[in-house]
Structures are given as structure tokens and as C-alpha cells.
Amino acid sequence: MKRFQHVSDLGDLRTALAEAFEIKQDRYKYQELGRNKTAMLIFFNNSLRTRLSTQKAALNLGMNVIVLDVNQGAWKLETERGVVMESDKSEHLLEAIPVMGSYCDLIGVRSFARFESRKDDYEEKIMQQFIQYSGRPVFFMESATVHPLQAFADLITIEEYKNKTLVEPNPLFGGEAVRRTLNKRPKVVLSWAPHPKALPQAVPNSFAQWMLAAANPQTGIEGGMDFVITHPKGYELDPLFVEGATVEYDQMKAFEGADFIYAKNWSCPGVTQPENYGKVLGDYHDYLDWTVGERQMAVTNHAFFMHCLPVRRNMIVTDDVIEAPTSIVIPEAANREISATVVLKRMLEAL
Amino acid sequence: MKRFQHVSDLGDLRTALAEAFEIKQDRYKYQELGRNKTAMLIFFNNSLRTRLSTQKAALNLGMNVIVLDVNQGAWKLETERGVVMESDKSEHLLEAIPVMGSYCDLIGVRSFARFESRKDDYEEKIMQQFIQYSGRPVFFMESATVHPLQAFADLITIEEYKNKTLVEPNPLFGGEAVRRTLNKRPKVVLSWAPHPKALPQAVPNSFAQWMLAAANPQTGIEGGMDFVITHPKGYELDPLFVEGATVEYDQMKAFEGADFIYAKNWSCPGVTQPENYGKVLGDYHDYLDWTVGERQMAVTNHAFFMHCLPVRRNMIVTDDVIEAPTSIVIPEAANREISATVVLKRMLEAL
Amino acid sequence: MKRFQHVSDLGDLRTALAEAFEIKQDRYKYQELGRNKTAMLIFFNNSLRTRLSTQKAALNLGMNVIVLDVNQGAWKLETERGVVMESDKSEHLLEAIPVMGSYCDLIGVRSFARFESRKDDYEEKIMQQFIQYSGRPVFFMESATVHPLQAFADLITIEEYKNKTLVEPNPLFGGEAVRRTLNKRPKVVLSWAPHPKALPQAVPNSFAQWMLAAANPQTGIEGGMDFVITHPKGYELDPLFVEGATVEYDQMKAFEGADFIYAKNWSCPGVTQPENYGKVLGDYHDYLDWTVGERQMAVTNHAFFMHCLPVRRNMIVTDDVIEAPTSIVIPEAANREISATVVLKRMLEAL
């Protein structure tokens, strides 16, 4: 694998999942593969889970890891040709990127949507420059439009839990054991939820892309799944990622009989209203009935609750739902190490 | 060892010291023990010695190390249930802590006293949450009330030097060789010293706790020791840590015949005056006669001078005393690597 | 090698270059040498290339690496004796430096010129303190007056390219293949170029020192070289570094027949005008004819273009020249890993 951006980069999903579970059994199994190989992790934005889990994955594979924090404010890169560089930008990315590439074997980059230009964000201007100029395989550690390490971890988690009918009390918070009905085709629902600030679409874009791929009865996971997206009008995700998905604007209807609820806020993707790209539509207080709580969970099949974290409690989800035995946000985060290990292993094999 | 907070966590002190000296002889002796184990070091506050020595200790044991700097200002964690998270706190510690735990085997945390609530500080609210929710063994890299890695290094240093009667000139600063009288029971004095800012009580608390344990003729170090604390009225340390210690308010009297002087500033512990917790009492200029200088050292048994560092010269101690041949602040700091290696070794053995 | 500051620390240059090319063939050849050795990299200033390449070099040699970022603003060290430390400086370097030394085997330090005192900068006050008090071999990762890891990488690059007569199109930017005439004694030109801010002289100082050493027909590189420096009047470099060099104030004349152009800005070294030390002389807009462009390159022997990076385009050099097939700034930066690996290897061998 020479790049990791879309679900298609991973090839056959069943093989990839089998590899994930093999690694989960013994995460050091491929430790010789990374000997004398160096992963460089470049963060233009803050990171907790991605930083820790990707470092851990590289170490699992015996790699050396160099982490580079690039404060977007402090290290300004010029991107245009022809500019007389006399302002505060002291380096051109046409030099900076190949230099970074010259000290490592693989490059991971985190660079969020800037919301300045929908075109720049959706063309992945920053990431494309790393792909074009670094001379190294590049993996996306959340970009303007995608977060594939998260979506792969989500898929692993769904595959792990989909056949669970007995759910034990949550070790952190207690609760009662839960008995669920087994659906042969699990129903997975991506639900928008309110948030006070404008967030990117990277997580829902990738989640939708991966779920649609997994749902395909021929090329997806064993048995497939049903995938439904629910959000208020105006928050339609880009067809690049959701072509063919079922959208249900009534959240309660969407939740009926669901096996997995994946909550996430995102700002306006600007598909139908380009002028609103990256904005919170209206006052978020008016959308607090979208906060995932007992009311919505009651109509599901004792659904598992998922979120990529960090999550604002009582805004995205209530305390009760996220602390319930069916909340799997922590094992979901733990699977970030597994998805990253599979991805780095694939990239090492292709060096 | 599943937690490292108090001297009692270490068990028998003579065994622990023997282990420390064994590791000092060959600090890589247990390098296989940490293979494929990851230590996560989380810093909510600045660190020089602890950061470097604990990393070194983990590497000595063959571990992987992931360092996480958490700027208290930038990454605000919500700690209460029921709050609608719409302010600047974007993550709840009930999610953040178990996630960090899921990518490592051991967790070290530094989190200083905040001086907002004596109760929160002395109940170790932050550390307790890591212990309760991380799912991993936790070691304290200086918390609100204790700094056990420092105190253990201090004990190792005292054990190393207590029988030295001939002291060579200081390799950095020169001076004359010093001949000392051998006291069978060394006298160790913890002396308060002035400081312009309010400092926590973690270092003196732990030092006192460890010295009292070491002084015990049955369970302490070979031969025991005499331990005296001296400070101005109002700076009484919490009985939790100093129960049974001798307090002498006259600094000169306390220093008489001492073999080790351990200087340190601390702010008001609020034992007798809860309203003054975390405050500097009066004007520190009025306490400059407590600065450890030649005058006080002259009445000791050519005592060794110790301090945890960083130290403000000519405030805590004069240039002359800290540069004398009997100043052992650098070997004391170097023993931080040894104490941390023993502690991590013990925790690895208990995994 | 116990210190790495000047070209003379490296000894015979031909041996050093042979070692560099051996390591370039197999950069992991000496991986056993660094086992259980720790390099501490201390940055008082920002770093991209040096940080990444030196980490990589240490990993190549099997070392452990601890990186310490010291924000000059946040961690202020007292340097004088006798001062009552009651201001914002909470630690004295007489304690800080030996402590850092006690947790590692080798120390690398980056500390730029501060332009407050020419004497302090040119006496390398900060670095001398690390040499004197750390108790460890010290290598310079760019100091007030030298950048030897860069100059060594530059020399390696010149040695690699000096016999190239056919230059392939640049893989990043394209262009036409270039045929050059072979000069038995390559001509290397260090050219000042304009810049809006005051930059230190460390890079030109070291480059000149290394080129003069390499040019020596007895002790320098096979066949020697011709070395010329060109800059506007007032920018004369310190004789410490350029004694015996040819200075040509007419840039076009200097470039005639050159095989390598090394562009770099530096502020006034204060040799002839001590009061102007560290200043930009006049308005930099008036010096834009010094920007290296097609006009100057046209009179060279299809010279290779070099720069230490980061470089301000269309200020130091035009887009066209830095993107030409003869621009070797990226392989030059990549050789930073090689020069650092040789240096650390030499220092490990001398432990």
C-alpha cells in the first residue's frame, strides 16, 4: 500500500479485517518488519488518540518514530511560486516537504480543514503536496476531508461487537447486563448531533465511505449491513463519500431497530449551500433534541453507542448513554492501535 | 507493585536499596523485562529532571516510552457529570483517561497542587482519577502532595554518602578536601528556606515520609537515623506525612551536628491556618536569615548539602554552600535515574 | 572525538569523507555501537532539519534519543554567581547543565547568536558552559558562530557532485538535462544574498572554515578546490573563519566559471564596524540584485546551487534557479543525516 486515504486503498475488506484480528491477538507479530525503518508523524493540529495510537502501532512493528509538531501559527510555509518571500513565511513547502521525506521511510500527516476555501479543503491541497513532493508513502492521520485510521478502527469494532447478544456491565461505570436480539444484517446509523463550534466533516465522510464499502454484499463484510445517515436538513455530506447511502431526516425513525449508533457533529458541508461551508447552521441550542439520549436509544435494538472522541457530554450524548454497558467508545479508541498497526504493516510491506 | 505513591508501596526499604545499588552497578541488567512494554509519561506541568530521568529509566529497562505534554491551559478536561459541555472543555476525563490507558502498560503522571482547594489537592483528585479510570498501574511523577521518585533518590543518596568521612574537592568548583566525623546514626535535617513564590508541599511531604520510614530501627535502613524538621511557625507539614517527626523551630539548633541538610521551600500547608493554604506567609525578605549559608553549615558535622533542584541560589542556599565539596545536589539528581529504574522494574514485574 | 565544533575536530578530511560514503552505503552498519547509549538533543531554538536528521543519525547507530526543547522565553537560567535569584530565573545553569549531563552519554546543543553582545556570541558563552559543566562530550547543532553538521554535509555533497558532468532533470520540477565541463579543481563560491531579517553568521562561518580546510592541497580533499567569498562591503566575516580566503566584492566576477554556488544571507559580523554587529546594513530592497538568479548563474560552469535551508525564494534565490536540475538543496539536506551519523559514530568510539 503506497497511500492510505480511502477505504479502497486497503483492498479486500475481509482480508484487512482478518489481518486486524490477527494483530489484535499478537500485536508484536510483525516486529521484524519495521527494523531500521522510520515513521515520521507530522501534526499540523492537536492530537491525543492519533498521536498515541500511531506511535504505539509503529513501535509494535519495531519501527523508529519521529514526531514533529508543526504549530500552524509558528511555522508558516509559503505555497505559491513567484512570491518574494519577505513576510513572516520563512520556508517554502517545495523545500520543506522533500526534506522531511529524506529522513524517513513513511510519512503520516494530520492537517485539518481550514474552512477558508471549500475547494482547497476538498481537493486536499496540503496532503496532495505531501504526496507529490515528499517522495515517501503517505498515510492520512485526519485530513481536511477524511480520517481513515478512525473509520478502519470503527469497522473493526463493529465487526467485533456485531454478534454480541449478551453485554456485560461496563467495568468503569457498572450498570446491568443487557440482552440483545441478533440481527443477521446489523443496522448501523450515523447520527449528526449538536455542537457549539464548527467541526470538519472528515470523520463522518470516512465513516460513511467505509460503511458503504462494508455494506456491499459482494465486496463488503460477511453478511453485509444496513447503513443509514440522519441529520437535519442542510448538513448533507458530500456525494464523494455518501453516494448511494440512505438518508433519513427523522432521527427517531433512523434509530428504529439499530444495532450501532455512531454519533458525530459536523458543520455544513456546503453541498447544497456552498456559502455555508464550514458553518454551524442556526443556533445549536435549537438542535439539543438531537443529543443522543435514552429517548432515542429506547427504539434501537439495545444498540451499541460509538463516537470517535473527544466527545462533549450532554451535547452529543448524555452521561447515561455514554456510561451504559452498551457504550463501546473506549474499546473503539483502543482499536485505533490495531487499525494503525495494519496500515503501517501494509505500507512497510510495499516499501 | 501496582502503584507508586507512598514509601509503603515499595515494601521493605533495605531490599529496595539493595536493588537500587544493584541497578546502579549495571543499569541495563533488566533490559529484557520491558521488551514490548510501553510507559506513558503524562505531564500536566513542566519538568526537566523527572522527564529526562524517567525516560532514561524506561529505556534502561528496554521499554518503549511515549511522552505526552498536556498544557493545562490548552487541554481542559471536564470532570463533573451532568454538565452540558458547551464551554472550552472539549473532553471529559472519563473518556480521556481510559483512552490513554489503552495504548500503554504503565502510566506516570505529573500534576502539581493547584492551590484552589486544599481538599482537592490533599485528596489527590487528579491522580485518583488516573488510578480509578486508566486501567493501568500508575506511578506519581510529582503530584499535589507527594514526589516519591525524588524521595527515593534522596534516600539512595543518603545511604551512599552516610559513611563517607573523606570528601574530595568538587569536580566542578574545586575547594578543599573535607574530613568528617562518622556518626553511627546520621542526623538528617529538613530545613525550610525562603522563596519569592508559593511552592507546593510535595517534596517536603515525601522527604519526611521517607525519612521517617528509614529512621525506624526495625523496618528502616541499617542503623536508622535521626530526622529533624525545621521551619518558621505556620509552615507545619500535614500530619499525614510528618506524624512523629521532631520539629525544631530554631534553625541553628536543628543544624547542630547534622550530617545531611536538605533545604527546600514550601508554602503554607494550611494545617493550623486552613485559610492560608498555598500562601507565602509575610514578606519573604524578612526570612532571608533562613537561607542556608556558611553560618548554619558551620555548626553541622561538615554536613552534606541536598536539594531536589531547581534551586534559587542566594535565596534557598548561598553560592558557597552549593558549590562546596560537600554539596551533593548533582549526584542526588543523577540518582533520579536509579530510583525510577527500580520503580519501573517493580511495576513491570507485577504486570 | 570529544567535541564537534570546528573542522579540525574531525581530523583528516579524506578519512572522514570515506567514512561518510561508507555510511551512506549502509547507514545501519554501526548499529551495535550505540547500544545502551543515550544522546540528549537540547534545543534552545527552533529546528527542522537538525532535529530530524540528528535523531535519525542517533537511531541509525542504535542509540536512545531524548529531545529537550527549551523555550528561551519560558525557562530562563541564571548565569551569574552572587545574584539573589528572586526574579523569573528559577534555575542556575551551574545546576541545570550537569544534571542534563548525568542522564546521557552525548549532548548536542542548539543555541543561536543572541546579538546582545558580540563578545558573548563569539566566545560561545552558552556552549562553553555545556563543555565545562556537563561532564559529557558535546556536539554543536548550530551555535552562535558555527554550524559544523551543516558544513560537513555541504562538503559531502560537493564531493559527491564535483565530478558530475551530466545532470538529469530534477525529479520534482523537471527541466532539461545539463552537460557541464569538468574542472579538475572545482570552484566553490559562497555568495551573500539579501534577507529582510538579521541572521547569524554561523552557517557562512562554518562553510568558509570547512571549504578552506578542504581546499588545502596537502590536507584537504583529493585535488583541492578554489574557494571564493562574495558579499557587499561591510559584511566581512570574522578572520577566525576566513583567514586566507579570497574575497571578491563583485558578485558577477566571483561567479565566473564557478562549479558550486552556495547562497546565504548573514547580518553584519561586526569585524570592521563593531557597532553594527548583528544588523542588516541599509535597506534590503537596495540589495535585491544580489538575489541569485539566471543572470548570475549564466556566467558559471552550469554550477550546482546549494543552500542550507530554510530559504526565502525570490529573496535569496529565484524560483527558476532553485527548481533547476542543477539545484541540489534537497540532496544536500539529506546529507545532514550522513554527517550527523559520522559525527555521532566518532563520539561513541571515543567514549
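Chain letters run A, B, ... following the sequence lines, proteins first and then strands; every chain starts at 1.
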Student: Find the one option among C:Gly101, C:Ser87, C:Gly135, C:Cys104 whose heavy-atom pairs under 4.5 Å with chain B are most numerous.
Tutor: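 Counting heavy-atom pairs under 4.5 Å, the top option is C:Ser87.
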Student: Under the 3.5 angstrom rule, does the side chain of B:Asn314 hit a backbone N or O of C:Val83 as a donor-acceptor pair?
Tutor: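 Yes; judged by distance alone, with no hydrogens or angles, the pair exists.
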Student: At their closest point, which heavy atom of B:Pro310 faces which heavy atom of C:Ser90, and how far apart are they?
Tutor: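 Answer, listing the atom of B:Pro310 first, then C:Ser90: CB-O, 3.5 Å.
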Student: Looking at side-chain heavy atoms only, is the closest gap between B:Ile322 and C:Glu95 below 4.5 Å?
Tutor: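 Yes, close enough: below the 4.5 Å cut-off.
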Student: If you round to the nearest 0.5 Å, how far is OG1 of C:Thr38 from CG of B:Asn60?
Tutor: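 Atom-to-atom, B:Asn60:CG and C:Thr38:OG1 are 7.0 Å apart.
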Student: Please determine whether the number of non-hydrogen atoms from other residues, nucleotides or ligands lying under 6.0 Å from atom CD of B:Gln25 exceeds 12.
Tutor: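 Counting neighbours around CD of B:Gln25, 12 or fewer heavy atoms of other residues, nucleotides or ligands fall under 6.0 Å, so no.
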Student: With distance as the sole test, does C:Tyr133 use its side chain to make a donor-acceptor pair with the main-chain N or O of B:Leu172 at under 3.5 Å?
Tutor: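 Checking the backbone N and O of B:Leu172 against the side chain of C:Tyr133, no donor-acceptor pair under 3.5 Å is found.
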Student: So does C:Asp105 pair up with B:Lys56, basic N to acidic O under 4.0 Å?
Tutor: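 No, no charged N to carboxylate O under 4.0 Å.
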Student: If you measure from the Lys or Arg side-chain nitrogens to the Asp or Glu carboxylate oxygens, is any gap between B:Arg312 and C:Glu78 under 4.0 Å?
Tutor: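 C:Glu78 and B:Arg312: not salt-bridged.
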Student: Less than 4.5 Å to any heavy atom of chain C: does that hold for the side chain of B:Leu52, its backbone, both, or neither?
Tutor: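 Interface part for B:Leu52: both.
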Student: Looking at chain C, which one of B:His195, B:Glu323, B:Arg27 has the largest number of heavy-atom pairs inside 4.5 Å, strictly under?
Tutor: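 The candidate making the most pairs under 4.5 Å is B:Glu323.
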Student: How long is the span from the CZ atom in B:Arg51 to the CG atom in C:Leu68, to the nearest 0.5 Å?
Tutor: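 Going from CZ on B:Arg51 over to CG on C:Leu68, the span is 7.0 Å.
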Student: Verify, without hydrogens or angle tests, whether B:Asp319 (side chain) and C:Arg81 (backbone) share a donor-acceptor contact under 3.5 angstrom.
Tutor: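 No; zero donor-acceptor contacts below 3.5 Å.
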Student: Report, as yes or no, whether the 6.0 Å neighbourhood of atom CD on B:Glu176 holds more than 12 heavy atoms from other residues, nucleotides or ligands.
Tutor: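 No.
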Student: Would you call C:Glu86 and B:Arg313 a salt bridge, taking side-chain N to carboxylate O under 4.0 Å as the test?
Tutor: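 Result for this pair is no, no salt bridge flagged.
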Student: For the pair C:Tyr103 (side chain) and B:Arg336 (backbone), establish whether a donor and an acceptor sit closer than 3.5 Å, ignoring hydrogens and angles.
Tutor: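 No, the answer is negative, given that no donor and acceptor are paired below the 3.5 Å cut-off.
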Student: Please classify the contact between B:Gln31 and chain C as side chain, backbone, both or neither, with a heavy-atom cut-off of under 4.5 Å.
Tutor: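 Contact with chain C is through the side chain of B:Gln31 alone.
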